[in-house]
Amino acid sequence: MRLAQPLAREVVDQLAISFGVCIRPVPMHRLDSLTGQTTRLDIPCGATLASKCPPCAERNRKLRMAQCREGWHLESEPVIAPNEPTDEQRWLIEHRADWQAKRDAAAAAGEDLTEFDEILAGIDADIRRSGLRGSVLGRSSTGRQRSTRRRQDAPDLPKRKRVSSTLGRLYESPDGKRFRPSMFITLTLPSYGRVRDGAPADPDSYDYTRAARDAIHFSKLVDRFVQNLRRVAGWDVQYFATVEPQKRLAPHLHLAMRGTLSRKEIKQIAAATYQQVWWPSTDRVVFDGDTLPVWDDSVGYLDPHTGEVLPTWDQALDAIGDDDEPMHVLRFGEQVKPIGVLAGTDRADHLIRHYLTKYLTKSIAETCEPDNQRQKDHADRMTEALRYEPCSPTCPNWLRYGVQPKNARPGQAPGCCRGKAHKAEHLGYAGRRVLVSRKWSNKTLTDHRADRRAWVLEALGLSATENPDPHRYTWRPIKPGDPDLPPLGERLLAEIANRQHWRALMQRLQAQADGADLSATGEEVAA
């Protein structure tokens, strides 16, 4: 009977979740440089998965919903004008130019450039801290280029004259009504074998190698699809997309697009989109088991039998000839589903809630049904297929195929990569779950978060004015075991009480706005 009684500490977590309180807060000390006062605050962990912190995950999901809804059906062009550089930023660029000239002169004289490079690296760090984006030197090219000629087995794409716009076509009905529709597109990967109830009907014939490679490089295929989409449309297509798992545990894409194309064109673009992975071949296993390359501090990894130095990553890429085939080619499957959507309709809200953001609080592996043992076995097989599959140029798995990984270091071994793609909760896809174009809503995620905060403060009658001095506060994390840090349960109880007070005040203000004779004011919260 005693074991059947609920634990008090678990009830605290359950109550905190019901009130939207973060159950994994990060304790911080905040020092006010004006008053000298130090305050202890609990910062929400900001988790995106409900398995780690349900309140933070749900808060992030709703924030993404607001971001998607606000940018999907814009009627005017978003204007993003960069601010004028400050005097400090101009001085830093001038300072950088002086030291770059000194370095160039030293390089021409054959002097040691170590000191100059350290000074320039420090100036570049100051430039980034000043608020300038990007690199002073711009993008650098490695000089290795592949032919841009399209594959013979891929259809050609039409090319329209490009216009400077992010909005789709405006339509007008015979009765004078004007509307600008948008689209919702679903793209899936091809079949790797017959599937029944979320698991392969015949696991032995299921192509796990191809499924693993498609999952690892899926984000590159999505980028290529967007490029082709903009090329065919003729305008700067803006999108909000989410990568979510299918029941067979393969990633697929939901994409909200501003503007419309015909369904036939969308399917043609998907069929013509492909991504070639020009990596060294992994068809032959060179080192396995206890026979692994050995490290030498002077040259890198060596063949344990012959003592020969393994080819570096750059050397392995240079060895790929123009007549060779790519290591892998990605394509979308035949299931392409484009849907037209109008602003303010129930369909638009349904697609945002139940497709674009429904599974953002779950990892890809969490879609496995608890009672489906065949699907669990399928996930285990997929994880095993990913174990020795290279996920990036720096992946230690390249040693298995006789190639030194990029930026090789001692202690690396095949099957021991710490990349997200090899973890069971990701099942190959290590990219971002939400993909948003830069001109989608003309706001960053921080701007959307500030809008929600300002709305709450305005409803409570408090000032939403931000502190104009960004350097006023200094934050310092509180280490675990600090004697001044109360137990987590005590901090959660205090936050629950605070949320109860805020919720009661919001209800009173809502009743007051509806005409009730109440006297609640925002100053109660400040007190």
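These numbers were taken from a predicted model, which means no experiment stands behind them. Every heavy atom of this structure was used, including side-chain atoms; hydrogens, water molecules and symmetry mates were not.
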| said: Less than 3.5 Å apart, any donor N or O on the side chain of Thr273 or Asn228 sitting next to an acceptor on the other? | reply: yes
| note | Taken in chain and number order and not counting sequence neighbours, the residues that satisfy ring-ring contact (aromatic ring centres under 6.0 Å, His included) with Tyr208 are Tyr206, His378
| Would Arg258 count as a cation-pi partner of Trp440, with NZ or CZ less than 6.0 Å from the six-membered ring centre and within 45° of the ring normal? | yes
| message | Taking the side chain as everything from C-beta on, heavy atoms only, tell me whether Ile269 gets closer than 4.5 Å to Leu261. | response | yes
| query | Is the shortest heavy-atom distance from the side chain of Asp377 to the side chain of Pro203 under 4.5 Å? | reply | no
| Parallel, tilted or perpendicular: ring planes of Trp91 versus His95, cut at 30 and 60 degrees | parallel
| query | With a 3.5 Å cut-off and no angle check, do the side chains of Arg432 and Thr242 form a donor-acceptor pair? | reply | no
| query | So does Asp126 pair up with Arg129, basic N to acidic O under 4.0 Å? | reply | yes
| How close do Leu360 and Leu49 get, heavy atom to heavy atom, and via which atoms? | O-CD2, 4.1 Å
| query | Just by distance, do the side chain of Arg160 and the backbone of Trp235 share a donor-acceptor pair under 3.5 Å? | reply | no
| query | So, do Leu229 and Ile266 sit near enough that their side-chain heavy atoms are less than 4.5 Å apart? | reply | yes
| said: If we ignore hydrogens and angles and just use 3.5 Å, is the side chain of Glu265 paired with the main-chain N or O of Ser262 as donor and acceptor? | reply: yes
| field | Main-chain N/O of Lys247 paired to Gln375 side chain as donor or acceptor, under 3.5 Å | value | yes
| said: Within the structure provided, determine whether Gln268 and Leu157 are in side-chain contact (heavy-atom separation under 4.5 Å). | reply: no
| request: Look at the side chain of Glu58 and the backbone N and O of Pro55, then say whether any donor-acceptor pair between them is shorter than 3.5 Å. | output: no
| said: Pairing donors with acceptors under 3.5 angstrom, does anything connect the side chains of Arg64 and Gln67? | reply: yes
| field | cation_pi(Arg400, Tyr388) dist<6.0 Å, angle<=45 | value | yes
| Shortest non-hydrogen contact from Trp278 toward Leu317 | O-CD2, 3.5 Å
| request: Check the pair Asp124, Arg96 against salt bridge (charged side-chain N to carboxylate O under 4.0 Å, His left out), reporting the backbone distance first and the verdict last. | output: CA-CA 8 Å; Asp124 288 339; Arg96 177 67 162 79; 2.7 Å; yes
| task | For Gln404 and Gly300, indicate whether the former's side chain and the latter's backbone hold a donor-acceptor pair under 3.5 Å. | result | no
| message | With a sphere of 6.0 Å drawn around CZ of Arg347, does it hold more than 12 non-hydrogen atoms of other residues, nucleotides or ligands? | response | no
| Is the number of heavy atoms from other residues, nucleotides or ligands under 6.0 Å of Phe116 CZ greater than 12? | yes
| request: Kindly say whether Glu389 contributes a backbone atom to a donor-acceptor pair with the side chain of Arg213 at under 3.5 angstrom? | output: no
| message | Quick check for you: to the nearest 0.5 Å, what is the distance between Ile216 atom CD1 and Leu386 atom CG? | response | 5.5 Å
| task | Would you kindly say whether Gln227 and Asp223 are connected by a side-chain donor-acceptor distance under 3.5 Å? | result | no
| Taking all atoms of both residues into account, what is the closest heavy-atom pair of Ala348 and His73, and its distance? | CB-NE2, 4.3 Å
| task | Take Lys376 and Asn372 through the test side-chain contact (heavy atoms from CB on, under 4.5 Å) and record every step on the way to the result. | result | CA-CA 7 Å; Lys376 290 182 179 180; Asn372 193 334; 6.0 Å; no
| query | Does the side chain of Arg387 come within less than 4.5 Å of His422's, by heavy atoms? | reply | no
| task | Go through the side-chain N and O atoms of Asp117 and Thr114 and say whether any donor and acceptor fall under 3.5 Å apart. | result | no
| query | Given side chains that start at C-beta, do those of Ile127 and Ile93 come closer than 4.5 Å, heavy atoms only? | reply | yes
| task | Grab the two heavy atoms, one from Gln412 and one from Tyr301, that are nearest each other, plus how far apart they are. | result | N-OH, 3.0 Å
| query | Are Tyr192 and Asp214 linked by a side-chain donor-acceptor pair shorter than 3.5 Å? | reply | yes
| Between Arg433 and Lys362, is there a donor-acceptor pair closer than 3.5 Å when you use the side chain of the first and the backbone of the second? | yes
| query | When rounded to the nearest 0.5 angstrom, what is the spacing between CG in Leu445 and CG in Asn60? | reply | 7.5 Å
| task | Name all residues meeting the ring-ring contact (aromatic ring centres under 6.0 Å, His included) criterion together with His217; count only those two or more places apart in sequence or in a different chain, and write none if there are none. | result | Trp279
| message | Classify the ring geometry of Phe332 against Phe225: parallel below 30°, tilted from 30° to 60°, perpendicular beyond 60°. | response | perpendicular
| remark: To the nearest 0.5 Å, atom CH2 of Trp99 lies from atom CD of Glu94 at 16.0 Å
| field | Between CG on residue Leu255 and CG on residue Leu356, distance to nearest 0.5 Å | value | 8.5 Å
| message | For Asp236, run the salt bridge (charged side-chain N to carboxylate O under 4.0 Å, His left out) check against Arg230, Arg438, Arg231 and tell me which one passes. | response | Arg230
| field | Check: Asn407 main-chain N/O paired with Trp313 side-chain donor or acceptor under 3.5 Å | value | no
| said: For Thr188 and Gln246, which I'm curious about, is there any donor-acceptor pair between the side chains at under 3.5 Å? | reply: no
| request: Consider only side-chain N and O atoms of Gln238 and Ser437, and report whether a donor and an acceptor are under 3.5 Å apart. | output: yes
| If you look at every heavy atom in Cys45 and Cys22, which pair is closest and at what distance? | N-SG, 3.3 Å
| remark: One should read off an interatomic distance between Thr444 OG1 and Arg449 CZ, to the nearest 0.5 angstrom, of 8.5 Å
| request: Determine whether the side chains of Glu77 and Ser165 contain a donor N or O and an acceptor N or O closer than 3.5 Å. | output: yes
| query | Atom SG in Cys56, atom CG in Leu63: separation rounded to 0.5 Å? | reply | 12.0 Å
| Knowing that exactly one of Lys337, His254, His252, Gln335 qualifies, which makes a side chain to side chain donor-acceptor pair (under 3.5 Å) with Thr186? | His254
| task | Please check if any side-chain donor atom of His448 sits under 3.5 Å from a side-chain acceptor atom of Ser441, or the reverse. | result | yes
| note | When every non-hydrogen atom of Pro78 is compared with those of Lys439, the smallest separation belongs to CG-O, 3.5 Å
